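To start, the structure itself, in structure tokens.
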Amino acid sequence: MEGIWGAGVAQLAPTQVGGPMLLFAVLAAVAVASGVGVVAFNSPVRSALCLIANFLSLALLYFTLGAEMLGIIQVVVYTGAIMVLFLFVLMLLNLAAPGALRESRDLRRLGAGALAAALFVLVVVQAVLPLQEAASPQAADYYGTPMALGRALFTEYVWPFELASVLLLVGIVGSILLAKRRV
Amino acid sequence: MGEVRSLMAPLWMYLALGAFLFATGVVGVVSRRNPIVIFMCIELMLNSVNLTFLSLARFAPWLPVAHELEPKAWMGGPAAVIFVMAVAAAEVAVGLGIIMAIFRLRDEVDVDEMNLLRG
Amino acid sequence: MPDSQAGIRPAGARSGKVAAGMMDFLQQLHPAWLALIRVLLFVVPLLLVVPGLIWWERRLLAWMQDRIGPNRVATITWPKDARWVPPFLRGKKTRLFGLLQPIADGIKLFLKEDITPAAIDRAVYFVAPAIALFPAFALGGTLPWAPPEGVYGLLTPIADVNIGVLYLMAVSSLGAYGIILSGYASNNKYSLLGGLRASAQLISYELAMGMSIAAVVLATGSLKMTDMIKAQTEPLWGVAPLFDNWNVLTPMGFVAAVVFLICMVAETNRAPFDLPEAENELIAGYHTEYSSMKFASFFMGEYAAMFVFSGVFATLFLGGPNMVPVDWVALGQTVPALEGFGRLMASVNYWASPLTFVGKCAFGITLFIWMRATLPRLRYDQLMALGWRSLLPLAVANFLIVALYLLCTDLYGAGGGWIAVGAAFALLAAFFASLARAGRGRREALPRREIRLVDPAKPKEGAAL
């Protein structure tokens, strides 16, 4: 891989405009718009709704990648559970102190935007553009199926799997302890 | 799902989208004052990482070192995505509990005001 | 594991000329058109059946409550002096059992004044009923309403993906959003509370539902819905070749079916779990501030969800589109005298399968209505306690027993599997009995109040007048 300033600007490989590209363009546009919406909206409930749209478009992108198991797990876990939890907390706080959650615009977002733009350019130039040659998918056909994922999780990755379940148990116990009222 | 394979875009597009979403998340984490929105931007960053993992797993799934399995069958990418999701779920549960506890104590949710440990 | 590629010609789908012609026509269509046909074949009948469900609910509920129910709306009064009316009908009334009542309801709802509160979150307020309506129709994406062979194999399910059952879980989790968002957008504390309670109920019962589905998936060995149907055509309990192995007829499957049934009622916010929309507790809960068509869409979504969930129950536990748990082809092969009858019944079973499926859904709806008529409403803490402390442990224990059965059957054969199941069941029963005894002991230690009945007619002894 060349350095940042090496060998001129890499040319983007020509791509055909067709059905898959159109689908990707639509999904990417939704993901980008909702991602910006998460950061831009002042009302946190609107940010949460944008994030839900973002997760759903990402799940559809996972389906286009052929990883159907992970796409549906994304919908069940992220959209169906984690975002519901976010909305719960937002609405309970809304009930308790209406108006406490809104923010106002300030210049910090512009500064952060500049920082993030620099980060984005750095990542794209260093990591994305040199990988244009990896244009044909190499993974096995079954990499997105439940069987392949299950087999991997129970044979090769069984230790991280069990540790993740312990972690979730710790999370459950911890959040119950935090949420209990001291009567 | 053989037909779905033809719905893919080239790899660099997925990676560019992941990088953009990550950068957007960074904007949110750095500049917002509401801790719940900061959490949501962290989730955005984690999801962009998931997208990167999966697209690389689809297009170039082999390890840089020799692996005893057939290289195309290495499931490290999807397994990593599963673990990221599990960790994110646990983190959200505990983090939101912490925020609720702080709110109950201080009746405000503003990260700038929580500076008791500053020394 | 069942073979997902059914390349052989199924016994029931005897291809006559019409069937072969239809198959040829469908196979040469572009896949996009075929997909559109499949979607229409699911969505349009579902839309048409919802008024029928409303009518059935009102009549059946009324009969169970010892009254008649709406039977006046579709009464035709024949005119007395018109030539086109046959003489025996002139001046008489013909009752049509109130079948047009849902149409009348729909017209009333449509013409009602659409009151929109002022200080709402407009975007969310208008989108929430659509989000509430969406899961009921989306659930049918992987639901097969006929056996996946022959002509019907091209027409259903809409998408036979590897992850069929997980898709159902995903869509039912998305159902919580319609409720939360409508409660929030109404700018009304009671609606918000109602919405939060309803969605808390939904996500609690999703867990037990997921675990009961997981037990079925474990027994079937695949997440595809068509594989569920195929696995339920195998011999009953692995040994009886004339009967089908419907999941509700196996012991662990029966427990899973009961758990799924209860969770299904809770997921659709139906009695006895309908506290969030109870009219005397929370006004009308999360749909208080919605009127006319938006309220109608909540209503329709609930009925459609009931119907489709019954369909899911039928597919997972009742053998899907098969009429009775009898294997007609095996019957024909075992008893040679009945071979013709067996083949005839297999054919009837195949071609009438959409009707069978709708019949099973109707049976499920009748169960819903029966429960509404019979059971009192659960209080919110009772509801949550049932979901978390009774159903979820039961579903998890059932799942573990299924896993144990499969493992022991692999290691020790069929007998070993059942012995292991019996032992596990005895152990779990003993465990829960000891827990119950400990709980009873704790309860007996609390001070009890004595209540004595005093007859107001008799004067109390020593009372001053």
Side-chain angles (χ1 to χ4, degrees), chain A residues 19 37 41 43-53 55-56 59-60 62-63 66-96 98-99 101-102 141-150 154 168 172 176 179, chain C residues 1 4 32 119 121 123-124 127-128 131 134-135 138 141-142 159 161-177 179-181 183-200 202-204 206-207 210 213 217-218 221-224 227 286 388:
Chain A
F41 275 119
S43 150
V45 174
R46 288 202 198 277
S47 294
L49 296 177
C50 286
L51 196 58
I52 295 172
F55 286 167
L56 285 174
L60 290 173
Y62 294 172
F63 285 134
E68 65 255 22
M69 183 68 177
L70 285 161
I72 206 75
I73 290 182
Q74 162 98 351
V75 177
V76 173
V77 170
Y78 267 113
T79 324
I82 292 184
M83 289 315 296
V84 172
L85 187 57
F86 267 111
L87 279 176
F88 259 74
V89 172
L90 278 175
M91 286 169 189
L92 286 173
L93 290 184
N94 229 4
L95 261 185
L101 296 175
R102 293 190 79 93
D141 276 351
Y142 50 80
Y143 101 118
T145 57
M147 282 77 77
L149 189 60
F154 283 106
L168 286 169
I172 293 174
I176 291 178
Chain C
M1 271 205 212
S4 2
D121 191 343
V124 182
V127 162
I131 300 182
F134 154 79
T142 56
V161 287
N162 283 337
I163 45 167
V165 170
L166 271 189
Y167 172 82
L168 298 175
M169 292 298 309
V171 169
S172 62
S173 350
L174 290 181
Y177 282 113
I179 298 179
I180 301 181
L181 293 178
Y184 162 76
S186 306
N187 197 24
N188 176 349
K189 283 199 168 49
Y190 296 104
S191 295
L192 183 59
L193 278 176
L196 288 178
R197 278 168 132 189
S199 48
L202 246 62
I203 60 181
S204 311
E206 252 164 42
L207 289 171
I213 292 181
V217 166
L218 202 56
S222 162
L223 285 169
K224 285 174 107 154
D227 282 350
Y286 56 91
W388 287 97

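Values reported hereafter were calculated over all heavy atoms of this structure, with side chains retained and with hydrogens, waters and symmetry mates removed. The chains referred to below are lettered A, B, ... by the order of the sequence lines, with proteins before strands, and numbering in each begins at 1. The structure displayed is predicted, hence computed values, not measured ones.
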Residue that, paired with A/M69, satisfies side-chain contact (heavy atoms from CB on, under 4.5 Å) out of C/V161, C/I163, C/N162:
C/I163
CG (C/L223) and OG1 (A/T145) are apart, to the nearest 0.5 Å, by 10.0 Å
Rounded distance (nearest 0.5 Å) linking atom CE of A/M91 with atom CG of C/L181
5.5 Å
Mind checking side chain to side chain donor-acceptor pair (under 3.5 Å) for C/E206 and listing every partner two or more places apart, or none if nothing turns up?
none
Could you pull out every donor-acceptor pair under 3.5 Å between side chains of residues 165-177 of chain C and any protein atom, sequence neighbours left out?
from: C/Y167; atom 1: OH; to: C/A138; atom 2: O; distance (Å): 2.7
from: C/S172; atom 1: OG; to: C/L168; atom 2: O; distance (Å): 3.2
from: C/S172; atom 1: OG; to: C/M169; atom 2: O; distance (Å): 3.1
from: C/S173; atom 1: OG; to: C/M169; atom 2: O; distance (Å): 2.6
from: C/S173; atom 1: OG; to: C/A170; atom 2: O; distance (Å): 3.2
from: C/Y177; atom 1: OH; to: A/T79; atom 2: O; distance (Å): 2.2

Once you round to the nearest 0.5 Å, how far does CD1 of C/I131 lie from CG of A/L49?
7.5 Å
Heavy-atom distance under 4.5 Å between the side chains of A/F88 and C/I180, does that happen here?
yes
Closest non-hydrogen atom pair between C/V124 and A/R46, with its separation
CG2-NH1, 4.5 Å
Given that the side chain runs from C-beta out, which part of A/V45 has a heavy atom under 4.5 Å from chain C: side chain, backbone, both or neither?
side chain
With a 4.5 angstrom heavy-atom cut-off, which part of C/I203 approaches chain A: side chain, backbone, both or neither?
side chain
Looking at chain C, which one of A/V77, A/L87, A/I72, A/V75 has the largest number of heavy-atom pairs inside 4.5 Å, strictly under?
A/I72
